[in-house]
Amino acid sequence: MKKIALLVSGLSLFLSACAIAPTPDTTGLTFVHLNDTYRVGAVEDGNAGGFSRVVTVVRELQANGRDVRILHGGDFLYPSLESQLWNGLQMVDAFNFMDAIAPLYAVSGNHEFDRRGPEQLIAAVEASQFDWLGDNYVFKTGNAQVDGALQPAFTFQSGDKTVGVFSLTLNSVDGGNERSYLEIDGDYMGVAEKAIEELEEKGADLIIGVTHLHMWQDVEIAGLKEKHPKLAFIVGGHEHEPEYNEGSDRSAAVMKGASNARVIWTIDVDFDATGQVTLREWQMELDKSIALDPEYEVLANKWRGRLLEKFPFLEARVGTAAVPLDAREVTVRNEESNWGNFIVDQMRNAFGEPSDLAFINGGTLRIDDFVEDDVTFEDIARTFGFSSFLRLTTMTGAEFRQVMEAGYRGFGPSKGYFPQVSGFRVCVDRSRNEGDRIVSLQVPADNGWQEIVADKGYSVVVPDYLYGGGDGYEVPKDRPASPPGSELKYLVLDGVLRAQALGQKVGAPVNPENRRFHQLLEGKQPCFE
Ligand SMILES: [Zn+2]
């Protein structure tokens with residue numbers, strides 16, 4: 001019973017309408033769902049998230065007699081500091097460890113295809129003992145064994161029940177990668193329905209989807225329950241924060257967890273004597289109260305050791321943070337981040353004379369952690385999971401304002417395209433139509449701030465990725481621009497080292513009196529109050 005108490009203490013929120021009891025200690029099936037994980041170890045100095053805690057949760061459930069399956073909603077091979085060295089094989093090792101404890105099924109996210117050629121994916125799939133799932137895409141790597149390893153809709157037995165699983169990933173139109181070794185069908189609804197019908201024919205008592213799509217697409221697919229009542233739930237990834245859309249007779253429940261297993265889901269599935277199914281969805285915050293698994297820690301320490309062997313200077317202090325610099329994904333993808341501010345301020349200095357304006361997509365900042373006290377080389381290396389080169393161009397105020405609209409499109413939390421900015425401040429009203437949400441965009445003036453001047457030219461520094469149209473930003477290209485230069489990682493390192501040489505600390509708190517990003521609630525208050 002002590003073990004049950006430990007598990008219950010980790011529950012932060014109970015979202016199902018139907019039950020008061022914790023996980024029943026009868027036999028039954030429990031899914032553990034996670035998504036968007038980039039580290040072998042935990043975050044926040046080992047105090048939050050991480051596979052080690054996932055393993056503890058899985059073992060507790062098993063000790064209670066549950067049949068546990070682990071579901072992963074994609075994005076794990078890249079990007080990260082480790083991926084630059086091992087192309088995700090460190091994650092495959094961690095997944096294999098979990099798979100040996102409870103079967104693990106993973107759908108590919110867009111980041112599994114970050115590499116242009118197929119070699120690294122081939123190596124990852126070949127090393128995998130867990131199952132790679134996919135219904136709307138196929139591998140065309142030229143390696144028959146790897147291409148054949150991708151599992152379309154399948155069933156497994158749990159007790160006397162048959163469970164059907166299908167899975168979908170983003171195609172390039174929706175933010176996925178376009179690669180020669182890959183073919184992705186963008187007709188998610190069509191593919192899902194066909195897979196569900198196939199699973200019905202195989203006699204599935206329960207059907208679930210594992211996806212890497214946008215939330216609204218998952219919710220749309222969940223509506224297939226009206227026609228296909230066995231469809232029970234869809235778990236997904238891509239967004240980096242917990243999301244939940246409650247199920248009903250007409251719609252399956254949809255769930256997503258937070259990045260790096262900070263928040264996971266456990267979903268209990270129990271059948272009564274008549275075959276009626278009860279689902280209970282638990283959102284579980286993996287905080288310090290959940291113990292690390294000693295056996296998993298051996299694996300985590302092995303990879304830490306290898307990393308330190310490659311980069312013995314990793315833990316070296318290069319500077320000092322003036323305040324805790326918040327670079328968690330929940331921050332950089334939703335609001336102004338003080339670590340983001342420091343980084344974008346450096347960008348403006350990348351080409352000699354400081355540029356007027358600069359911005360970066362929050363999704364480029366991958367550390368998902370605080371940078372506190374000592375700024376180490378590791379903090380900088382983890383912030384940039386991939387190389388990011390910068391470009392200098394010019395835009396008129398009107399053009400710039402139009403470009404920035406892309407940063408505030410869509411609904412719901414956690415957008416990788418949400419911008420961190422420098423040289424201006426912006427006021428956004430999300431209740432307005434997409435493309436018309438910027439209420440005010442201001443630049444510094446002699447005595448404070450003024451609206452950006454529509455027909456004046458401004459110099460702008462952006463990452464090459466955004467210059468090229470990444471994340472939906474449409475930067476005008478019919479004018480001179482610098483070639484890609486100045487790698488952002490080293491620019492930031494240089495900024496930290498320069499501060500250190502001057503005896504200064506880096507970063508400053510987000511100024512509540514003068515925020516760079518201001519969001520109107522219901523469009524009621526004035527901007528920049
Ligand atoms: Zn993704």
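This one's a predicted model, so the numbers in the text were calculated from it and none came from an experiment. Atoms within each ligand, like the ligands themselves, are counted from 1 in listed order.
For the Zn ion (ligand 1), protein N/O/S neighbours under 2.8 Å (waters excluded) are D75 OD2, N110 OD1, H212 NE2, H238 ND1.
A salt bridge is absent between R437 and D429: the closest approach of a Lys/Arg side-chain nitrogen to an acidic carboxylate oxygen does not fall below 4.0 angstrom.
For residues 44-56, every residue pair satisfying the salt bridge (charged side-chain N to carboxylate O under 4.0 Å, His left out) rule, not counting sequence neighbours, is listed here: E44-R262.
For E243, the side-chain contact (heavy atoms from CB on, under 4.5 Å) partners at least two apart in sequence or on another chain are M215, E239, K256, P413. Residues satisfying the side-chain contact (heavy atoms from CB on, under 4.5 Å) test with V330, not counting sequence neighbours, are E241, R328, N334.
Ring centroids of F384 and W339 are separated by 6.0 Å or more, keeping the two rings apart.
By the 6.0 Å and 45° rule, R430 does not stack over the aromatic ring of Y408.
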